[in-house]
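See structure below.
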Protein chains: 2
Amino acid sequence: MTDRKPLRRDARDNAAKLRAAALETFLAQGLDAPLEVIAKHAGVSIGTLYNRFGSREGLIDAVIPDVAGARLQVLAADVLAEPVAKDRLQAFLHGMIDLQIADPALNDAILRRYPDAVALIGICEHTMALGRDLIDEAHREGVLAPDFTADDLLNLLWLAGTAAREPHAPNGWRDTLERALASAWT
Amino acid sequence: MTDRKPLRRDARDNAAKLRAAALETFLAQGLDAPLEVIAKHAGVSIGTLYNRFGSREGLIDAVIPDVAGARLQVLAADVLAEPVAKDRLQAFLHGMIDLQIADPALNDAILRRYPDAVALIGICEHTMALGRDLIDEAHREGVLAPDFTADDLLNLLWLAGTAAREPHAPNGWRDTLERALASAWT
DNA sequence: ACTTAACTTGAGGCATGCCTCAAGATGTGA
DNA sequence: TCACATCTTGAGGCATGCCTCAAGTTAAGT
């Protein structure tokens, strides 16, 4: 299901160069980086990029899920290593916001820009499911107010992601935002 | 200091049509609406728009401060009509977010896009000063935690403004955001 | 060595939106 | 009525960025 007919050697090399350039550029600038920049960076024509990957979404799917998956998995592991439910939830929110700030590409992925980048979607779903679980758990343990729902958590992440994309963001937005969770501990 | 030499009648009429079109368009679409749309809407060429107002900022300043000032003044009056400090602050945040959602132009103004639209800046300063006063007041009365600062309030407004500009915002972001203030009552 | 399918190329067409300026139109005072 | 300063016009140049496709190049099988 992966590659049907083997690529010609030059095509394979170009694809590799494009992947590398795309990865670097996406991570630095976000998933909306101009494709022409990536092609140039790879030392290849824009036409070749389209030949190989078909579309921006194709390129994204070819390059981002690995990295995103890895980073989110690390986060999940860190979170689950926390012994206390409250700390787990806290670590999740904190870690997600860290990622959203540090990694424009992952942030774009989380915010569901590029809904056609199919491979990414699953990964994000998975992470959001973890968030929901943590909320449920906190409710069960009675450490989180029942009116702080999973939707609140998603809203918080959406707000953070949106804020993280702004170049002229004010300094303390992150702390201000995290107050919303802090207000819900019982 | 307003108008030095009287405009020719046709010029005056066109300016009026442009103002009207600009007001309507800005309020509906925000301050970054294409100027060509405004010119067309006014039934006038894009060249005339530039002749009369020089730049987007010129047009903004000619049209928005009045409306923005009026709306913010209404808000200020409503806020100050509240007898209790806590309610005043609450009403301020709530009212500001209402405006930011309902009025893209005012939202742009508050977020300080278009820093060259000089006349707007003063009006916004004035409103932010009110916000700061309300925070101080709440601190003095001891109803607001000291670690919730005026900066937190501005961050909240910035977050709201940023969120309000997103077309695909999730539903409850506003409530989630207001939790951050709710968490700070003593 | 030759053939040919596979691959690459980049100019060029598309769209959006900015802003200008030479040419033409028109209000207005004499 | 007429001259002319004032105004209007919109095509066109700029920039960004998308995507395509006819022509040229090249890997690889015989």
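None of the values given here were measured: they were computed from a predicted structure. Per chain, numbering begins at 1; letters A, B, ... match sequence-line order. These values consider heavy atoms only, across backbone and side chains, with no hydrogens, waters or symmetry-generated copies.
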**Item:** Close side-chain approach of A:F92 and A:L157, heavy atoms under 4.5 Å
**Value:**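 Of all side-chain heavy-atom pairs linking A:L157 with A:F92, at least one is under 4.5 Å.
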**Asked** Any side-chain heavy atom of B:E24 sitting closer than 4.5 Å to one from B:R19?
**Response**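 Heavy-atom side-chain distance check fails, nothing below 4.5 Å.
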Tell me whether the side-chain N/O atoms of [X] come closer than 4.0 Å to OP1 or OP2 in [N].
X: B:N14; N: D:dT8; value: yes
X: A:R8; N: D:dT26; value: no
X: A:R52; N: C:dT8; value: yes

Proximity to the side chain of [X] - top-ranked nucleotide from [options]:
X: B:D10; options: C:dC19, D:dC7, D:dC18; result: D:dC7
X: A:E36; options: D:dT9, D:dT8, D:dG17; result: D:dG17
X: A:P34; options: D:dC18, D:dA27, D:dG10; result: D:dC18
X: B:I46; options: D:dC7, C:dC7, C:dT20; result: C:dT20
X: A:T48; options: D:dA11, C:dT9, D:dC19; result: C:dT9
X: A:L35; options: D:dC7, D:dC19, C:dC19; result: D:dC19
X: B:Y50; options: D:dT9, D:dC18, C:dT20; result: C:dT20

**Message:** With nearest nucleotide decided by heavy atoms, which residue, A:S45 or B:N51, maps closer to the 5′ end of DNA chain C?
**Reply:**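 By nearest-heavy-atom nucleotide position, the 5'-most residue is A:S45.
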**Prompt:** If each of B:R9 and B:G47 is mapped to the nucleotide of DNA chain C with the nearest heavy atom, which maps nearer the 5' terminus, i.e. the 5' end?
**Reply:**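 The 5'-side residue here is B:G47.
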**Heavy-atom donor-acceptor pair, A:T162 side chain to B:A163 backbone, under 3.5 Å** = no
**Request:** Report yes or no: does A:T25 contribute a side-chain atom to a donor-acceptor pair with the main-chain N or O of A:A21 at less than 3.5 Å?
**Result:** yes
Whole Å only: how far is the [atom1] atom of [X] from the [atom2] atom of [N]?
X: A:D13; N: D:dT26; atom1: CG; atom2: P; result: 14 Å
X: B:L49; N: C:dG17; atom1: CG; atom2: P; result: 15 Å
X: B:F53; N: C:dT20; atom1: CZ; atom2: P; result: 16 Å
X: A:R56; N: D:dT20; atom1: CZ; atom2: P; result: 14 Å
X: A:H41; N: D:dG17; atom1: NE2; atom2: P; result: 16 Å
X: B:K40; N: C:dT16; atom1: NZ; atom2: C1'; result: 13 Å
X: B:L7; N: D:dC7; atom1: CG; atom2: C1'; result: 10 Å
X: A:I38; N: D:dT16; atom1: CD1; atom2: P; result: 17 Å

**Request:** List the steps, then state whether side chain to side chain contact (heavy atoms under 4.5 Å, CB included) holds for A:L31 with A:N107.
**Result:** CA-CA 9 Å; A:L31 300 182; A:N107 189 18; over 6 Å; no
